[in-house]
Amino acid sequence: MSSAPTPEEIARDASWLAQALDPAAGLVRLIAMDRESYRAASFLDDRMLQQPVDAQVVPWPQVQAAMNGELRTDARWIFHIGHVGSTLLSRLLGEIPGVLPIREPRFLRDLAAMPEDLRHPYFEPASKLMSRNFADDELACVKATSFVSEIAPELVPPGKRALFMYATPGNYIASILAGENSMKELRMLAAVRAGRMAERVSGPMAQGTNAQLAAVAWACEMTSLESAAERMADRMIEWLDFDRMLADVLEALAGAADHFGFAADEAQLTEIATGPLMTRYSKATEYEYSPALRRDLIAEAEARHRSAIETALAMLRRAAEKSPLLARAIARSES
């Protein structure tokens, strides 16, 4: 175990991940990392603590002081609605030389969970913390947890770049119904999501079936992205449909790399897009998974739950009649 880093060491590079924030106690947990640690980690939340790590808890004012001055704020950002391949895309982009992937640090979740009136002093330091890297020609690519989309406009400075990932409501609902773990998460987050979208979606939406719960989840997360995009007109934003990505991974990867300004030639991108990452489950690469398996699971869920899915989609369309953000999200998914 090392000693707590100095402000100079925190500011120097990405060697100390700002992993968690406790604003009530005024503390930040820093974890020692190197390039390979970032590249290998599916999540930088508390699951990483299941393995031995070098962690140091330091006062927030010390970290805030380290982020004063003219530091980089040029991280690239991936925001998403959950279960739409954001981890896969992050892994693919992380294979490009000069890209430092940063996946779901708990720090951003803690910041998003803070009372809105207390967040502001943390945003500028957060953008700088997430933009640190290990070389002048290296760029950080941050993949946030889905509900961090609520604060995307505050994390991405004007003129900077972000990618928003989604799926059509039908494919999203079917993919959720096809997964046991995703169903558990769906029920666990139902009340929170209903509260988050209360100001964006008019009128109640039924949550009596699992398909309706999944539809509400889609509505919550998509209107969060649409609201963020509305407030980020002076940022460079691209949208990516996961299933369209899987239909032509090379084209989607090349488009994302170009949008983010990552230097990679066609041969490199082809090797990445046809490599082993496309046959593994991106959140746990020890398990096999593939675009074909996803298509099969969605088709099976659509056949098994057809009536419930159609009812849930009709519910979304009705709600969209009085909810402009939801109407915009549905129109985007149909374009």
Can any side-chain N or O of [X] pair as donor or acceptor with the backbone N or O of [Y] at less than 3.5 Å?
| X | Y | answer |
| --- | --- | --- |
| N171 | P169 | no |
| Q268 | D265 | yes |
| H305 | I173 | no |
| Q62 | P5 | yes |
| Y38 | A14 | yes |
| R29 | L21 | no |
| S42 | K283 | yes |
| R304 | A301 | no |
| K128 | R72 | no |
| S182 | I176 | yes |

If you define the side chain from C-beta out and look only at heavy atoms, does anything of [X] sit under 4.5 Å from [Y]?
| X | Y | result |
| --- | --- | --- |
| I81 | M165 | no |
| Q212 | V216 | no |
| F107 | M130 | yes |
| K143 | V148 | no |
| F147 | R196 | yes |
| V63 | I10 | yes |
| M278 | L246 | yes |
| T87 | L89 | no |

*How far apart are the C-alpha atoms of S86 and R103, what are their side-chain angles, what is the distance that settles it, and do they pass the side chain to side chain donor-acceptor pair (under 3.5 Å) test?*
CA-CA 9 Å; S86 58; R103 301 186 188 99; over 6 Å; no
I need the [X] [atom1] to [Y] [atom2] distance, nearest 0.5 Å.
| X | Y | atom1 | atom2 | result |
| --- | --- | --- | --- | --- |
| D110 | L108 | CG | CG | 9.0 Å |
| L253 | L269 | CG | CG | 5.0 Å |
| M205 | L213 | CE | CG | 10.5 Å |
| S290 | R295 | OG | CZ | 7.5 Å |
| L250 | T274 | CG | OG1 | 8.0 Å |
| Q56 | L27 | CD | CG | 12.5 Å |

Establish whether [X] and [Y] are linked, either directly or via other cluster members, by ILVMFWY side-chain heavy-atom contacts under 4.5 Å.
| X | Y | value |
| --- | --- | --- |
| M197 | L325 | no |
| V57 | M67 | no |
| Y281 | L93 | no |
| F134 | L44 | yes |
| V201 | V192 | no |

*Could you go step by step and tell me if E95 and L277 meet the side chain to side chain contact (heavy atoms under 4.5 Å, CB included) rule?*
CA-CA 10 Å; E95 294 295 303; L277 287 174; 3.7 Å; yes
Closest heavy-atom contact between [X] and [Y]?
| X | Y | result |
| --- | --- | --- |
| M236 | G159 | CE-O, 2.9 Å |
| A167 | W218 | O-NE1, 2.8 Å |
| A215 | L316 | O-CD2, 3.6 Å |
| P276 | R280 | O-CG, 3.2 Å |
| T223 | A219 | OG1-O, 2.7 Å |
| D13 | R132 | O-NH1, 3.2 Å |

*Would you please indicate if the ring centroids of Y122 and W60 are separated by under 6.0 Å?*
yes
Are [X] and [Y] close enough for a salt bridge, meaning some N to O gap below 4.0 Å?
| X | Y | answer |
| --- | --- | --- |
| R231 | E154 | yes |
| E321 | R317 | no |
| R39 | E36 | yes |
| R109 | E104 | no |
| D243 | R294 | yes |
| R328 | E230 | yes |
| D234 | K160 | no |
| E150 | R200 | yes |

*Give a yes-or-no answer on whether the side chains of E221 and H80 include a donor-acceptor pair shorter than 3.5 Å.*
no
Could you tell me whether [X] atom [atom1] has more than 12 heavy atoms of other residues or ligands within 6.0 Å of it?
| X | atom1 | result |
| --- | --- | --- |
| D136 | CG | no |
| E271 | CD | no |
| E286 | CD | yes |

_Does the structure place the NZ or CZ of R161 under 6.0 Å from the centre of the six-membered ring of W77, at an angle of no more than 45° from the ring's axis?_
no
*Could you walk me through whether L111 and L155 pass side chain to side chain contact (heavy atoms under 4.5 Å, CB included), step by step?*
CA-CA 10 Å; L111 182 53; L155 293 172; 4.2 Å; yes
*Step by step, would you call I298 with E302 a side chain to side chain contact (heavy atoms under 4.5 Å, CB included)?*
CA-CA 6 Å; I298 287 177; E302 286 175 337; 3.6 Å; yes
*Check the angle between the aromatic planes of H120 and F123 and answer parallel, tilted or perpendicular using the 30° and 60° thresholds.*
perpendicular
*What do the steps show when you test E226 against W239 for side chain to side chain contact (heavy atoms under 4.5 Å, CB included), and what is the final call?*
CA-CA 10 Å; E226 293 289 353; W239 292 77; 3.8 Å; yes
_Criterion side chain to side chain donor-acceptor pair (under 3.5 Å) on D45 and Q19, from CA distance to verdict_ = CA-CA 7 Å; D45 57 19; Q19 189 265 341; 5.9 Å; no
